[in-house]
Amino acid sequence: MEDEYLQRLNAEQLKAVQHPHDVPLQILAGPGSGKTKVLTSRIAYLILHEHIQPQSICAVTFTNKAAREMKERLTKLIGKSKVEEVKMGTFHALCALFLRRYPTRVGVKNNFTVCDADESKSILKRLLNSYKDCLEDNHLSLDVRNVMSMISKAKSRGQSPHDLATRAKHFGGHTPTENVIDRIIAELYESYEKFLRENNSLDFDDLLVYGVKLFSQQQTTNWCRHVLVDEFQDTNTLQYELMRHIASSSRCVTIVGDPDQSIYGWRSAEVANLAKMKLDFPATVQIYLEQNYRSTASILRASMTIVSQDQTRIPKTLHTSHPDGCIPVLRRFPSEQDEATCIAREIKRLSASSGGMLGWEDFVILLRMNSLSRSLESALRKEGIPCRVLKGQKFFERLEIKDLLAYLQLVDNPEFVPAFERVINVPARGIGDKTLGEILRAAHAKQLSPLAFIERIHDGRVPDVKPPVKRKIASFVKAIRELRVTARQGTMPADIIRKLIILVEYEDHLKRTQPDADTRWENVMELINFASEVQTELNDYPLQDLPDETTPTGDKDWDDMPDETEVAELDEEGIVEVKPNNSKTTAAQMADTNLEASTPLRLFLQASLLSGDSGDGGEEGGKEKVTISTCHSAKGLEWPVVFIPAVEEGTFPFALSEDANEERRLLFVACTRAQSLLYLSHCNKRLIAGKQMDRRLSTFVKAVIEDTPVCDIFAEETPELDRAHLEQMAAILGRQTPNQDVVVQKLAEFYSTDRYHKFMPTSGNALSTTFVAADAVYRTDTDKAIQQRQVLNKPSNNQVLSKVTHGRQSTQQYSGRSLVRMKPTAVSGPHHDTSNRRPVAALCPGHSKQLLPLQQVFQPANEQSPRYSSLAALTRGHLHDASNAEDPRGTFLSSSKQGFDSPGTAAPPPAPSVPIKRRLGMGRMVTGYANKKFRPPQS
DNA sequence: TATAACTTCCTTTTT
DNA sequence: GGAAGTTATA
Ligand SMILES: Nc1ncnc2c1ncn2[C@@H]1O[C@H](COP(=O)(O)OP(=O)(O)OP(=O)(O)O)[C@@H](O)[C@H]1O
């Protein structure tokens, strides 16, 4: 009974779970083979059968979201209390946790601030400025982002600034200029490090660097009896070192991974760590899982065909017992708007034709990059489909959020100058660049942090600077001091933020300075929400079993930290200082009562910075919403229906990417997220960085089409969900097959609300495909459906419906089914149980194979690829017929320019001219404008 | 010092 | 389509 979870595993999975705990294990398996499930079960097994204490287990996941999910799954197996004791999280989160606990072991302070990428960037930008002349002299240019990535890579490889410098000197670049660049980078690296140390700050890589230092000490790792690592193929050198150190006393390691899914090489991930592990742990055993439980056979086939083009790849078998299902769809569109509209329509159609078995939350749109989401968001909005955009990081990049967090950072870590600079004049206190520069200079001369310096000015114990500031900073100092006391008392972050916005009158400030103050204020409220949500689960509980820091200065360090500068002042002036607001006394009291390494505020700040993935979207966030996400953050997840737009050269592979194979694997990862239905699409034109660009189908897919004699890998037709398919789908998803009456009714509703309906025949593209496919269902289903449609024949739909009924032939004639006609054989191939593999003629009885390939409509004939030519010749006549009848070209193109919203038609509501509001991952409302000054939308 | 208005330059993925 | 940086003006 308690072993029930073991019975839900197949033989290989069971073998992996029950593998002797003291023999290092690599579980290597393709997508959907249950790796994560096995890892979770193994943790349960180690605790329940091998009687390893939960607190002696270290489980590393790739994202915080994955950690949360694993906790959830594990809770079902072993109960909440045990799960909470397991040391689980990302490498970064675990390092941060331990560094706060044992800071002095590696010479950091436990109130260090995590420096996010944005902050790193502006620090480096400033440092880079001083090399401007040098670079110009050598006719060189150096982008901050390059510098960042070089430094990050150096850190990830464990190289110090000194290492880089000597390398530059001895091995140098091939050319003198490369040498200059290398030298500059090494120097920048050094100054950057110096800056971070002076500001008591660690960046993401530092967390690992110092983590490795910390975990290389045996006293830090002797609690550990077993380490488990998920997504091992994406670990970098430092992370591998961490794992090795944490496992150094027990030598017990379990990792799972899939080389085909390594997509973080750009972040210094090393697949070679798999081999390295075999060397470091010679007893390592490998277990392979080859059964895929996630996807239909045809999705798996398409995915494997794509990834198999990688010649360097080690072949791997993966099979499924699921039926073929619908052939993945590959479509081409004239523009990204058409693509987006069609995806939105298709989501609606599927939702309807599944009779509600598929809810909004069952659909995902996976993108190569976030910037592609705009057109999709607006198309979904037009269709009234709720969606969430999974890029929670953006929330923390808002001006208003950054302001507040900077205040809090400053409260926690007075030495963090970037935060000081950000908020010293927020709200406006008459301290501009000049005065600020003066403060910084004078503070530096006195060897004080700027905050400590102005506190002294405020207390009148240091002369004011040239443009006097004493008065201007009074309220600022007062606010900071009050918050400091509050934070030390262990006040909950949400309350601290509430106090903060009152103290600095932040709402007023927003109203005065921001035209969209309302939305920004909503974001502030959302931050408070987030703080209260997260504060309940924030603790360093997993470290409870561990001894306190042995170094005597440890706790002192923490509690005295904010006052450290005061101490310096004591030495300097020899006066015993009475701190305002008794904060010193409070601190002393806290030292006795609070042995934790962290205040709630500190944990909150850390969570804000570390959990950019935002993931689950909270309780309300993800439910009942279509997800839009990047391919990268979709790793490890699954959805019944997956759309992948922009499968084009330039996006897949991305134009600037260095590793085409990694890009292919990324597409593979995206495809393998799908359980039942998969759609790839691409456009002829797309707006890239403000420029209209001609686009072509990705070679990754093109190669598949061209390599396959009979192209049954992809279909150009959207699938028609008949009874058999719904049953199959229900089986795969473990759901109830919908009632047929419900299906019919929902489809009827789908039609009745279809405001683009009248455009379909003339628009002649993908839209009409939706139409035709759905129409086919109608007809094949029952006459009842048709009757129903006639019942629904409201006045406003008269035109539409009459076109539908009388124009059946015309619908067929203009059917855009052959939009992407890879090979003529694609539609005339053998019949399987896949509906969309059926020839159009079969789909629409009475159809006379009169097809209108879209490339003819949208591309001049001479641009057609030779592959299409025979078909083009075949259908040219029909194109003319069609043109004569309704001129699909003109109508579609002109209407498409207006977003299908031409006068005299049932117009969809006008697009709002306000910035787009989005609910982000955590359910936070956000405007379309981020960090910088607000610009009102142009007319 | 603060703000408004203008120009330029981009493309990415995330802990 | 923006963000970041620069310049002009009160
Ligand atoms: N033995 C099994 N029987 C039934 N379903 C299973 C079994 N093993 C795994 N599954 C299901 O297969 C799906 C994929 O599992 P899981 O996410 O663990 O795979 P994975 O190998 O981690 O995938 P990926 O590599 O894509 O992250 C899940 O829905 C899971 O419940």
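Within every chain, numbering begins at 1; the chains are lettered A, B, ... in the order of the sequence lines, protein sequences first and strands thereafter. The figures here come from the full heavy-atom set of this structure, side chains too, leaving out hydrogens, waters and symmetry mates.
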Next item on the list: Choose from dC10(B), dT15(B), dT13(B) the nucleotide whose nearest atom is closest to any side-chain atom of A689(A).
Entry: dC10(B)
Notebook entry, point to check: What is the distance, rounded to the nearest whole Å, between atom CG of N146(A) and atom P of dT13(B)?
Noted result: 16 Å
Checklist line | Ring-face cation of R602(A) near F112(A) (centre distance under 6.0 Å, axis angle within 45°) | finding: no
Next item on the list: Would you please classify the geometry between the F396(A) ring and the F530(A) ring as parallel, tilted or perpendicular, with 30° and 60° separating the classes?
Entry: perpendicular
Note to self: Heavy atoms only, 4.0 Å cut-off, all strands: where does K472(A) land among base, sugar-phosphate and nothing?
What the structure shows: nothing
Note to self: Please pick, from dT1(B), dT13(B), dA4(C), the nucleotide with the shortest atom-to-atom distance to any side-chain atom of K434(A).
What the structure shows: dT1(B)
Notebook entry, point to check: Out of dG5(C), dT13(B), dG1(C), which nucleotide sits closest to the side chain of R374(A)?
Noted result: dG1(C)
Next item on the list: Report yes or no: does T651(A) contribute a side-chain atom to a donor-acceptor pair with the main-chain N or O of A646(A) at less than 3.5 Å?
Entry: yes
Check: Heavy atoms under 4.0 Å, any strand shown: does T435(A) hit a base, just sugar-phosphate, or nothing?
Finding: sugar-phosphate
Check: Of the nucleotides dT15(B), dT13(B), dC10(B), which has the atom closest to the A117(A) side chain?
Finding: dT15(B)
Next item on the list: Return yes if some donor-acceptor pair links the side-chain N/O of E119(A) with the main-chain N/O of D116(A) below 3.5 Å, else return no.
Entry: no
Next item on the list: Figure out the CG/C1' separation between N236(A) and dT15(B), and round it to whole Å.
Entry: 10 Å
Notebook entry, point to check: Which nucleotide in the list dT14(B), dT13(B), dT15(B) gets nearest to the side chain of Y264(A)?
Noted result: dT14(B)
Note to self: Under 4.0 Å, counting only non-hydrogen atoms across every strand here, what does F62(A) touch: a base, just sugar-phosphate, or nothing?
What the structure shows: sugar-phosphate
Check: Quick one: does V108(A)'s side chain get under 4.5 Å of P103(A)'s, heavy atoms only?
Finding: yes
Check: How do T513(A) and H632(A) order along DNA chain B: which one's closest nucleotide is nearer the 5' end?
Finding: T513(A)
Notebook entry, point to check: Nearest-Å distance, CG (L372(A)) to C1' (dG1(C))?
Noted result: 13 Å
Notebook entry, point to check: In terms of side-chain heavy atoms of R145(A), which of dA4(C), dC10(B), dT14(B) is nearest?
Noted result: dC10(B)
Next item on the list: Among the candidates dT14(B), dA4(C), dT15(B), find the nucleotide nearest to the side-chain atoms of K125(A).
Entry: dA4(C)
Item checked: For K511(A), salt bridge (Lys or Arg N to Asp or Glu O under 4.0 Å) partners two or more places apart -> E507(A)
Check: Where along residues 656-663 of chain A does a heavy atom fall under 4.0 Å from DNA chain B?
Finding: L656(A)
Note to self: Of the options dA2(B), dT12(B), dT15(B), whose atoms approach the side-chain atoms of A428(A) most closely?
What the structure shows: dA2(B)
Next item on the list: Pick the C1' atom in dT12(B) and in dG5(C), then give their distance to the nearest Å.
Entry: 23 Å
Check: With a 4.0 Å cut-off on heavy atoms, is G430(A) in touch with a base, just the backbone sugar-phosphate, or nothing at all?
Finding: sugar-phosphate
Checklist line | Enclosure of E658(A) CD (heavy-atom neighbours >12, cutoff 6.0 Å) | finding: no
Notebook entry, point to check: Whole Å only: how far is the CE atom of M693(A) from the P atom of dT12(B)?
Noted result: 13 Å
Check: Counting any heavy atom closer than 4.0 Å, what does D205(A) reach on the DNA or RNA strands: base, sugar-phosphate only, or nothing?
Finding: nothing
Note to self: Using whole Å, what does the distance between atom C1' of nucleotide dT13(B) and atom CG of N370(A) come to?
What the structure shows: 9 Å
Notebook entry, point to check: What do the steps show when you test T113(A) against N413(A) for side-chain hydrogen bond (donor to acceptor under 3.5 Å, both in side chains), and what is the final call?
Noted result: CA-CA 7 Å; T113(A) 299; N413(A) 172 15; 2.8 Å; yes
